[in-house]
Amino acid sequence: MPVISDYNQFDGRHWETGSVANYYAHLGVKAPHTGRPPSEALLMGISGGAVMAYFFFDYQGIDPHVRILTRNTFDPWSRMLSRLGVVQHVAQTTKEKKAVANLVDSLEEGLPAVVWADYFGLPYNGFGAPDAWAMLPILVYGYDEAADRVLIADRARVPLIVTTEILHETRARVKKDKFRVATFDPPNWDKLASAVRAGIDDCIKLYMEKPPRGTANNFGFKAFDFWINMLTNPKHRQSWAKLLADGQRLVGGLMSVYSDIELFGKDGHAERDLFARFLEESALILDRPGLNEVAADFRRSGEAWDALAGALLPDRLPPLAEIRRLMQQRHDLFLAQGGGSLAARQDLDGRIQQMRDLLAADFPLDAAGVSELREEIAGHVRRVRDIEVAAVEKLQQVMA
């Protein structure tokens with residue numbers, strides 16, 4: 001069975017933009033403004049760019065969690081590819097043997113293939129078999145049935161390996177994405193400038209205007225204000241004072257926000273450094289040097305997001321700081337060692353759970369201290385908001 005022996009692209013960090021960036025880097029596709037493969041930053045910006053969104057989820061049987069979106073998630077895959085005029089070659093079937101054949105056919109042509117697989121079911125992610133599922137794109141560059149192994153590029157800086165059965169099971173998890181496989185023609189670079197403008201326009205609109213779906217309070221500048229209100233107004237029915245009242249629930253909320261800012265599909269800075277690199281490339285593509293100033297503003301925003309992440313699990317509260325350190329260590333191990341670090345990451349998960357159990361039994365702050373912590377976090381959110389308000393307004397002016 002085919003393995004692309006010269007595949008060596010593992011720089012992509014996010015499932016969608018990272019998989020496509022890795023794909024084109026392997027094929028040696030060159031962007032006209034750099035002479036290098038299209039960067040993940042470029043693809044992220046074209047897909048809709050940076051954004052702020054705030055959500056709260058509280059489901060029976062799992063800890064409550066606060067979700068912070070740092071990039072545009074309104075159909076970014078289709079936007080990214082269609083704006084660049086990319087012709088997709090997609091095969092999908094409900095038949096198991098045909099699903100394998102479609103994947104193998106791509107590999108035998110020397111093309112790595114994007115498939116959609118359940119994030120929670122892939123063992124190298126270390127989540128066992130929870131009830132949750134999430135179908136996300138990964139890049140397959142080897143399928144060796146004799147050795148019972150599949151070679152995958154998926155965020156880590158090293159190859160990831162699963163069995164053929166695991167790949168089959170995770171690909172079959174959800175009907176809509178079941179056994180889908182995709183390869184791509186090179187972008188139509190004549191469309192690059194319009195693609196960049198469309199991505200920037202999406203970014204501005206989602207910060208400043210009513211979102212395509214959801215409530216206005218969930219997105220953009222209003223989401224910042226809503227989050228600040230939830231932190232500082234204990235009487236609101238969705239306030240942290242009501243919904244994250246005890247230590248166990250509060251820790252779950254703090255951890256989920258930290259993950260979304262620093263870890264989930266990224267490597268810190270709420271992806272503002274990535275968006276800044278997109279703006280710097282856009283300055284060349286559109287011949288608008290003012291975009292470099294906006295990029296500098298978003299880099300400052302990234303630093304403010306990092307400070308916010310530190311305030312969630314602060315050094316002044318050693319048990320929370322230890323959880324932060326363990327979460328970051330887990331993430332770094334995966335990026336550096338992939339599946340080879342699974343045992344070490346499971347050990348870290350156990351240590352995190354021990355710390356959470358201790359905090360549930362004996363949280364280090366009284367009610368007044370928790371209120372002070374929420375106020376401190378709100379101050380950091382205000383700082384990020386103020387930087388991004390100025391940055392997006394400047395972005396709007398530069399693009400006018």
>> Using the rule given for side-chain hydrogen bond (donor to acceptor under 3.5 Å, both in side chains), can you reason through Asp185 versus His89, listing the C-alpha separation, both sets of side-chain angles and the distance that settles it, and then say yes or no?
In response: CA-CA 8 Å; Asp185 287 352; His89 302 279; 2.9 Å; yes

> Are Val158 and Ile4 joined in one hydrophobic group, where the rule is that I, L, V, M, F, W and Y side chains link up if heavy atoms are under 4.5 Å apart?
Replying inline: no

>> In the structure I gave you, are the side-chain heavy atoms of Val257 and Leu308 within less than 4.5 Å of one another anywhere?
In response: no

> Can Arg67 and Asp260 be counted as an ion pair, charged N to O under 4.0 angstrom?
Replying inline: yes

> Looking at Leu286 and Leu291, what are the two nearest heavy atoms and their distance?
Replying inline: CD1-CD1, 4.3 Å

> For residues Ser47 and Glu16, is any side-chain donor paired with an opposing acceptor at under 3.5 Å?
Replying inline: no

> Under 4.0 Å between a Lys/Arg side-chain N and an Asp/Glu carboxylate O for Asp273 and Arg299?
Replying inline: no

> Atom CG of Asn233 and atom NZ of Lys242: how far apart are they, to the nearest 0.5 Å?
Replying inline: 9.0 Å

> Is it true that Arg300 and Asp297 make a salt bridge, defined as a side-chain N closer than 4.0 Å to a carboxylate O?
Replying inline: yes

>> Please give me the minimum heavy-atom distance between Arg180 and Arg171, naming the atom from each residue.
In response: O-NH2, 3.5 Å

>> Distance check, rounded to the nearest 0.5 Å: Leu333 atom CG versus Leu348 atom CG?
In response: 6.0 Å

>> Evaluate Asp201 against Lys205 for salt bridge (charged side-chain N to carboxylate O under 4.0 Å, His left out), listing each step before the verdict.
In response: CA-CA 6 Å; Asp201 188 51; Lys205 287 180 178 178; 3.2 Å; yes

>> Which heavy atom of Ala321 sits nearest to which heavy atom of Pro314, and what is that distance?
In response: CB-O, 3.4 Å

>> Using the rule given for side-chain hydrogen bond (donor to acceptor under 3.5 Å, both in side chains), can you reason through Gln329 versus Arg325, listing the C-alpha separation, both sets of side-chain angles and the distance that settles it, and then say yes or no?
In response: CA-CA 6 Å; Gln329 185 179 352; Arg325 186 186 69 80; 3.2 Å; yes

> Do the rings of Phe224 and Trp305 sit parallel, tilted or perpendicular, given the 30° and 60° boundaries?
Replying inline: tilted

>> Could you check whether Arg382 pairs with Asp386 (Lys NZ or Arg NE/NH1/NH2 to Asp/Glu carboxylate O, under 4.0 Å)?
In response: no

> Would a line drawn from the ring center of Phe120 to the ring center of Trp133 be shorter than 6.0 Å?
Replying inline: no

>> When you compare the side chains of Asp349 and Gln353, does any donor N or O come within less than 3.5 Å of an acceptor on the partner?
In response: no

> Is the shortest heavy-atom distance from the side chain of Ile152 to the side chain of Tyr141 under 4.5 Å?
Replying inline: no

> Salt bridge check: are Arg288 and Glu293 linked by an N-O gap of less than 4.0 Å?
Replying inline: no

> Would you find more than 12 non-hydrogen atoms of other residues, nucleotides or ligands less than 6.0 Å from Arg383 atom CZ?
Replying inline: no

> Using the ring of each side chain (for Trp, its six-membered ring), is Tyr119 parallel, tilted or perpendicular to Trp15, with breaks at 30° and 60°?
Replying inline: perpendicular

> For the hydrophobic clusters of this structure (ILVMFWY residues joined by side-chain heavy atoms under 4.5 Å, transitively), does one cluster hold both Val87 and Tyr24?
Replying inline: no

> Are Leu373 and Ile261 connected in a single hydrophobic cluster, I mean Ile/Leu/Val/Met/Phe/Trp/Tyr linked by side-chain heavy atoms less than 4.5 Å apart?
Replying inline: yes

>> Would you call the rings of Tyr54 and Phe226 parallel, tilted or perpendicular, taking 30° and 60° as the class edges?
In response: perpendicular

>> Before you tell me yes or no, could you show the steps for Lys191 and Leu84 under side chain to side chain contact (heavy atoms under 4.5 Å, CB included), namely the whole-Å CA-CA distance, both residues' side-chain angles and the distance that decides it to 0.1 Å?
In response: CA-CA 6 Å; Lys191 295 189 173 186; Leu84 284 170; 5.7 Å; no

> So Tyr7 and His26, would you call those rings parallel, tilted or perpendicular, with 30° and 60° as cut-offs?
Replying inline: tilted

> How about Phe127 and Tyr124: are their ring centres within less than 6.0 Å of each other?
Replying inline: no

>> Test salt bridge (charged side-chain N to carboxylate O under 4.0 Å, His left out) on Lys222 and Glu209; report intermediate values, then the result.
In response: CA-CA 9 Å; Lys222 290 186 177 180; Glu209 300 179 9; over 6 Å; no

>> Checking Thr70 against Glu271: is there a side-chain donor and acceptor pair closer than 3.5 Å?
In response: yes

>> What verdict does the side chain to side chain contact (heavy atoms under 4.5 Å, CB included) test give for Tyr143 and Leu167, after you've listed the backbone C-alpha separation in whole Å, the side-chain angles of each residue and the deciding distance to 0.1 Å?
In response: CA-CA 10 Å; Tyr143 190 94; Leu167 182 70; 4.1 Å; yes

> Take atom CG in Asp287; do more than 12 heavy atoms of anything else shown fall under 6.0 Å from it?
Replying inline: no

> Partners of Phe219 by ring pair (Phe, Tyr, Trp, His ring centres under 6.0 Å), sequence neighbours excluded?
Replying inline: Phe55, Phe74

> Arg345 and Asn125: side-chain donor and acceptor closer than 3.5 Å?
Replying inline: no

> Going by atom types alone, do Ser19 and Asn22 pair a side-chain donor with an acceptor below 3.5 Å?
Replying inline: no

>> Run the side-chain hydrogen bond (donor to acceptor under 3.5 Å, both in side chains) test on Tyr23 and Gln9 for me, step by step, so that the C-alpha distance in whole Å, both residues' side-chain angles and the decisive distance to 0.1 Å come before the verdict.
In response: CA-CA 8 Å; Tyr23 180 90; Gln9 303 299 327; over 6 Å; no

> Which residues pass the side chain to side chain donor-acceptor pair (under 3.5 Å) test with Glu96, sequence neighbours left out?
Replying inline: none

> So do the side chains of Leu122 and Ile138 get within less than 4.5 Å of each other, counting heavy atoms only?
Replying inline: yes

> For Leu320 and Leu312, what are the C-alpha separation, side-chain angles and deciding distance, and is it a side chain to side chain contact (heavy atoms under 4.5 Å, CB included)?
Replying inline: CA-CA 8 Å; Leu320 293 178; Leu312 295 164; over 6 Å; no

>> Do the side chains of Arg272 and Glu388 get close enough for a salt bridge, i.e. N-O under 4.0 angstrom?
In response: yes

> Between Trp227 and Phe221, does the ring centroid distance fall short of 6.0 Å?
Replying inline: no

>> How close do Ala311 and Ile377 get, counting heavy atoms only, and between which atoms?
In response: O-CG1, 4.0 Å

> Is there a salt bridge (charged side-chain N to carboxylate O under 4.0 Å, His left out) between Arg157 and Asp267 once you walk through the steps?
Replying inline: CA-CA 12 Å; Arg157 299 186 180 98; Asp267 204 5; 3.1 Å; yes

>> Is there a path of hydrophobic side-chain contacts, each under 4.5 Å between heavy atoms of I/L/V/M/F/W/Y residues, joining Leu151 to Leu342?
In response: no

>> Can you tell me how far apart CD1 (Ile200) and OG (Ser282) are? Round to the nearest 0.5 Å.
In response: 4.5 Å

> Roughly how far apart are Ile68 CD1 and Glu262 CD, rounded to 0.5 Å?
Replying inline: 12.5 Å

> Is there a donor-acceptor contact under 3.5 Å linking the side chains of Glu281 and His33?
Replying inline: yes

> Once you round to the nearest 0.5 Å, how far does CG of Leu103 lie from CZ of Phe179?
Replying inline: 11.0 Å

>> Is there a path of hydrophobic side-chain contacts, each under 4.5 Å between heavy atoms, that joins Met255 and Leu243?
In response: yes

>> To the closest 0.5 Å, what do you measure between OG (Ser239) and CZ (Phe56)?
In response: 9.5 Å

> How far apart are the C-alpha atoms of Glu40 and Arg277, what are their side-chain angles, what is the distance that settles it, and do they pass the side chain to side chain contact (heavy atoms under 4.5 Å, CB included) test?
Replying inline: CA-CA 9 Å; Glu40 185 169 9; Arg277 293 200 295 274; over 6 Å; no

